[in-house]
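Letters A, B, ... mirror the listed sequences (proteins, then strands); counts begin at 1. All values derive from a computational prediction rather than experimental measurement. Side chains included, hydrogens not; waters and symmetry mates left out as well; all remaining heavy atoms used.
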Amino acid sequence: MKNSPASHGRILFMHEAYDIPFVQEKWLPVWDQLTPFKSGNADDPRPKKYVLDMFPYPSGDLHMGHAEAYTLGDVIARYWVQKGFNVLHPIGWDAFGLPAENAAIKRSADPRAWTYENIAVQKSSMRRFACSFDWDRVLHTCDPEYYKWNQWLFIEMFNKGLAYRKDSPVNWCPSCQTVLANEQVVAGLCERCDSVVTKKKLNQWYLKITDYADRLVDDMAELEGQWPEKVLMMQRNWIGRSQGAEVKFEIEGRSEAITVYTTRPDTLYGATFMVVAADAALASELVEGTQVAPVLAKYMEEVKAASDIDRLATDRPKSGIFLERYAINPVNGERIPIWASDYVLADYGTGAIMAVPAHDQRDLDFARAMKLPIRLVVETGEEDPSATGIAAAGEGKLINSGSLNGLAKDAAIAKIIEELSAKNLGIGAKNYRLRDWLISRQRFWGTPIPIIHCPSCGEVPVPQDQLPVELPDATGIDLKPKGSSPLGAIESWVNVPCPKCGAAAKRDADTMDTFMDSSWYYLRYVSNTNNEVAFDRKEVDTWLPVDQYVGGVTHAILHLLYSRFITKVLFDMGKVGFQEPFTKLLNQGMVLMDGSAMSKSRGNLVKLSDELEKHGVDAIRLSMVFAGPPEDDIDWADVSPSGSLKFLNRAWRISGDVTSKPGVDFATGDLSLRKVTHKSLNDISFAVETFRFNVAIARVMELVNATRKAIDSGCGPSDPAVREAAEAIAIALSLVAPFTAEEMWERLGHKPAVALAGWPAIDPALLEEDAVTVILQVNGKIKDRIDVNPNISESDLEKLAMENPEIKAAIAGAIITKVIVRAPKLVNIVL
RNA sequence: GCCUCGGUACUCCAACGGUAGAGAGGGCGGACUCAAAAUCCGCACAGUGUCGGUUCAAAUCCGACUCGAGGCACCA
């Protein structure tokens, strides 16, 4: 059973090269023993870094996308370990969710088995992929030990009034047979299965994220520059805060005024009618008992018949009905008609608007369709809206507006709000697009909502000492989606005495949105085995917030917004000491094939296991980071794993050529190679810290090339500088190609693990260059280049430039207007 | 429709406002070989999407356009 290199594996080179499968099998058990990535305890003197990868959903084995994401997180974690930090780099599984349940239905089995099998597969793949996880920190959200704390969190929020139930039209996926949060509806379709989402009126649990809307927007200031601008923009967009005013309109024949929300109170004089949401209670109330009531009812039927997709089409003609009621414009006493339409949303603002057709496109469309008057109140220089059909949305001076005449927009808004406030007719106000987070789900495989419904006590939270409310064994239970939770059908589970009065009561049969599970999991890692609390405050204070979060941009809104929300809730409860969970965020791109996302149906699926088999773990990891900037998509068709492997072999061969002994004094080595080594290490550090991993690899390649040259035709293999360079290469490569690096480290005469070797100290003296090239320009055109000492003074450099023959020739006889000297870079002589 | 980001060689990608090329892939040629692979050496190809502005100097800053990617989309 002898394992000789180059005879054992599938990947063979006649030239000296290492045996990939052999080397991979060789080091894994060694690392298992050494646990180089076990995070230190609270008393660890090293400064901490919490590097977090978004945890996977256990749907089968790891794929190319996982490989990219986890390589990026791994490079970062390994880098900070080398730099002497106490690094926490944990992993877990986002293990509740529909795929497990659907698989269970297909095989009439328990979702548990499928889930834990997949977790085992992924876990072993991660080990083989050399992920630097701390395997003592693992969590699975489907473990009762985890979801117990999910339930605890829910009850805490319930007690604070942040979790509540309400009747509301909700998004319903007819295929998944469950409700969806707003965030899970993409262009009218279910984000999971692409079915057309319908509306259903249901009583559901919500979390009051809208209470935190302002803070979610404002606190983004501290994420500026730390998170991708794109994500911040998407969140701002999603929350959709707008500034405006609420204005009261008296209603003829009604004691109570109607309040409308507008972002353009300056155009109040241009309001020629009012529109209320057709489905709002207000609309039906206004026509109650009149002959219009049946007309409204009929209109409502038509509106309901139109699908969400139709509703989304913005070019759809406006529809609505006149309610035969009138409102009084508070600024000019004008009597304006009240209409009902589906273009006004019941659950935004007050569900009623003042319509200013001259300056709002939607109102203009409606006015033209219904033949309602249009009055200009802002002089924008645009053409007449009633003629062109295009609203004059631009800025200009106010006209036809009483006291506002002549003012510009901002001044007019300030003035009108002041005037309205003085008469108690209006007030400055904000509004949000964000809605409360609907977390009930009518499915089995999730955290049971820990509430007991008692006929006399109402909603009673399950007492702390009875948590967790465990999911029953699913074997023999019909999990097929029927529109209500399968748990509700299990008599023995659902029927319980009320914890307060002891009367017969029922458990809430719904389960929580799995985004609840993932909205706080980063806290659980620090106390993953603690059964007393969800997370220990001392551990949290030691490790949190997360220093570096790595994951896909697909979670830009959902997961990241919910996590930020929950963190703020926990902060307010005094359970954590920070308000933003993720200090820095890196979004990796996707791995594509031939320009599009990989999928079996498209026939462009690249299997990770095949690639690993063909090229080895290191070459795949290297290819992932070398392909380009991490946030860009990678087209696997553009990537050359064999090229990566070629480079790794080139690097590895250097370790075999070194003839000096470990511990040799580098200071006596060849100066020019030493300079390259130190410059490279410096550049690699900088590139890694700024996430330019592709550049970092390019620098390692340069160092390998320089070392090769030094060995073959320079100072020779015995020079200490060659060992210094080879060790630097091994340490740098340990971030991305751990097997190759460990093998190099061994051949260089060291004991494992290279991962703990420590980043070499950089000698600043070696970063100074002997000579730099200066550009000599005349009128910005390059005439010559000269090598000078990098510390040359500006006057000396100017003198040198003036003496240069090329320059002399170029300026002969001309008058010099200006001389720009930027030592030691260039001299530009302007004639 | 509105907003954000991007466009550099055949391809993927580098370049504090100051030499357009770091690195790689692919191609071609040579050395080695019976031959191929691997390895080593060499070569070529040529380009900052378009137009304008700021500047001594623009791939880089500003504006418009164009193409591509993404987000929001009756949110008043």
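- A sub-4.0 Å separation between OP1 or OP2 of B:A76 and a side-chain N or O of A:Ser242 is present.
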Dump the intermediate steps for salt bridge (charged side-chain N to carboxylate O under 4.0 Å, His left out) on A:Lys318 and A:Asp342, then the final yes or no.
CA-CA 8 Å; A:Lys318 292 276 182 290; A:Asp342 67 342; over 6 Å; no
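- The CD atom of A:Glu68 sits 17 Å away from the P atom of B:C12 (whole-angstrom rounding).
- Pairs passing the side-chain hydrogen bond (donor to acceptor under 3.5 Å, both in side chains) check and including a residue from residues 680-689 of chain A, sequence neighbours excluded, read A:Tyr79-A:Ser685, A:Tyr79-A:Glu689, A:Lys679-A:Asp683, A:Ser685-A:Trp759.
- RNA chain B contains the following stems of three or more consecutive Watson-Crick or G-U pairs, with both distances under 3.5 Å: B:1-7 with B:66-72, B:10-12 with B:23-25, B:27-31 with B:39-43, B:49-53 with B:61-65.
- Only the C1' atoms considered, B:U8 is 9 Å distant from B:C13, to the nearest whole Å.
- Taking atom P on both B:C51 and B:A44, the two are 29 Å apart, rounded to the nearest angstrom.
- Between the side chains of A:Asn329 and A:Tyr269, no donor-acceptor pair is found at a separation under 3.5 Å.
- No donor-acceptor contact under 3.5 angstrom links the side chains of A:Tyr432 and A:Thr210, judged on distance only.
- Summary of the strand contacts: A:Ile775 and A:Gly351 both lie near RNA chain B, and taking for each the nucleotide with the nearest heavy atom, the more 5' one is attributed to A:Ile775.
- Heavy atoms of A:Arg708 sit nowhere under 4.0 angstrom from any nucleic acid atom.
- With sequence neighbours excluded, no residue forms a salt bridge (Lys or Arg N to Asp or Glu O under 4.0 Å) with A:Glu246.
- Atom C1' of B:G25 sits at a distance of 23 Å from the matching atom of B:G6, rounded to the whole Å.
- A:Glu229 pairs by the salt bridge (Lys or Arg N to Asp or Glu O under 4.0 Å) definition with A:Arg236, not counting sequence neighbours.
- Minimum atom distance to the side chain of A:Met233 is reached by B:U4, of the listed B:U4, B:U19, B:C13.
- Here, B:G27 and B:A38 have their P atoms 11 Å apart, quoted to the whole Å.
- The same atom, P, is picked in B:G70 and in B:G26; the two are 29 Å apart, to the nearest Å.
- With sequence neighbours excluded, the residues satisfying salt bridge (Lys or Arg N to Asp or Glu O under 4.0 Å) with A:Asp266 are A:Arg264.
- Taken residue by residue, residues 822-831 of chain A places heavy atoms nearer than 4.0 Å to RNA chain B at A:Arg822, A:Lys825, A:Leu826, A:Asn828, A:Val830.
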Determine, step by step, whether A:Met624 and A:Gln588 satisfy the side chain to side chain contact (heavy atoms under 4.5 Å, CB included) criterion, reporting the C-alpha distance in whole Å, the side-chain angles of both residues, the deciding distance to 0.1 Å, and the verdict.
CA-CA 11 Å; A:Met624 288 294 180; A:Gln588 87 275 5; over 6 Å; no
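- Among residues two or more places apart in sequence or in another chain, the ring-ring contact (aromatic ring centres under 6.0 Å, His included) test is passed with A:Tyr261 by none.
- Inspection of the A:Asn705 and A:Arg650 side chains reveals an N or O donor paired with an N or O acceptor under 3.5 Å.
- Not a single donor-acceptor pair, N or O on each side, falls under 3.5 Å between the base of B:G1 and the side chain of A:Gln361.
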Polar pairs (N or O, both sides) under 3.5 Å between protein and nucleotides 22-30 of chain B?
unit_1	atom_1	unit_2	atom_2	d
B:A22	O2'	A:Arg699	NH1	3.1
B:A22	O2'	A:Glu702	OE1	2.9
B:A22	O2'	A:Glu702	OE2	2.8
B:G25	OP1	A:Lys646	NZ	3.4

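- For the pair A:Leu72/A:Phe693, a side-chain contact is recorded, criterion being any heavy-atom separation below 4.5 Å from C-beta on.
- Remark: A:Phe647 engages no residue in a ring-ring contact (aromatic ring centres under 6.0 Å, His included) (not counting sequence neighbours).
- The ring-ring contact (aromatic ring centres under 6.0 Å, His included) search around A:Phe273 returns A:Phe366, not counting sequence neighbours.
- Two residues, A:Gly628 and A:Thr350, neighbour RNA chain B, and the one matched to the more 5' nucleotide by heavy-atom proximity is A:Gly628.
- Regarding contacts with the backbone of B:A76, every side-chain N or O of A:Tyr343 stays at 4.0 angstrom or more from both OP1 and OP2.
- For B:G70, the OP1/OP2 oxygens have no side-chain nitrogen or oxygen of A:Lys230 closer than 4.0 Å.
- When all heavy atoms of A:Thr773 and A:Arg785 are compared, the pair lying nearest together is CG2-CB, 3.6 Å.
- Nucleotides B:U54 and B:G63 have their C1' atoms positioned 11 Å apart, rounded to a whole Å.
- A:Glu768 meets the salt bridge (Lys or Arg N to Asp or Glu O under 4.0 Å) test with no other residue; sequence neighbours excluded.
- As judged by a 4.0 angstrom heavy-atom cut-off over every strand, A:Pro228 is placed among residues making no nucleic acid contact.
- Nearest to the side-chain atoms of A:Pro629 among the listed nucleotides B:A14, B:A15, B:A20 stands B:A14.
- A:Ile807 has its CD1 atom 18 Å from the P atom of B:C56, to the nearest Å.
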Listed pairs, N/O of protein and of nucleotides 60-67 of chain B, under 3.5 Å:
none

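- Within 4.0 Å of A:Arg241, counting heavy atoms only, lies no atom of the nucleic acid at all.
- Nucleotides B:C45 and B:A64 have their P atoms positioned 39 Å apart, rounded to a whole Å.
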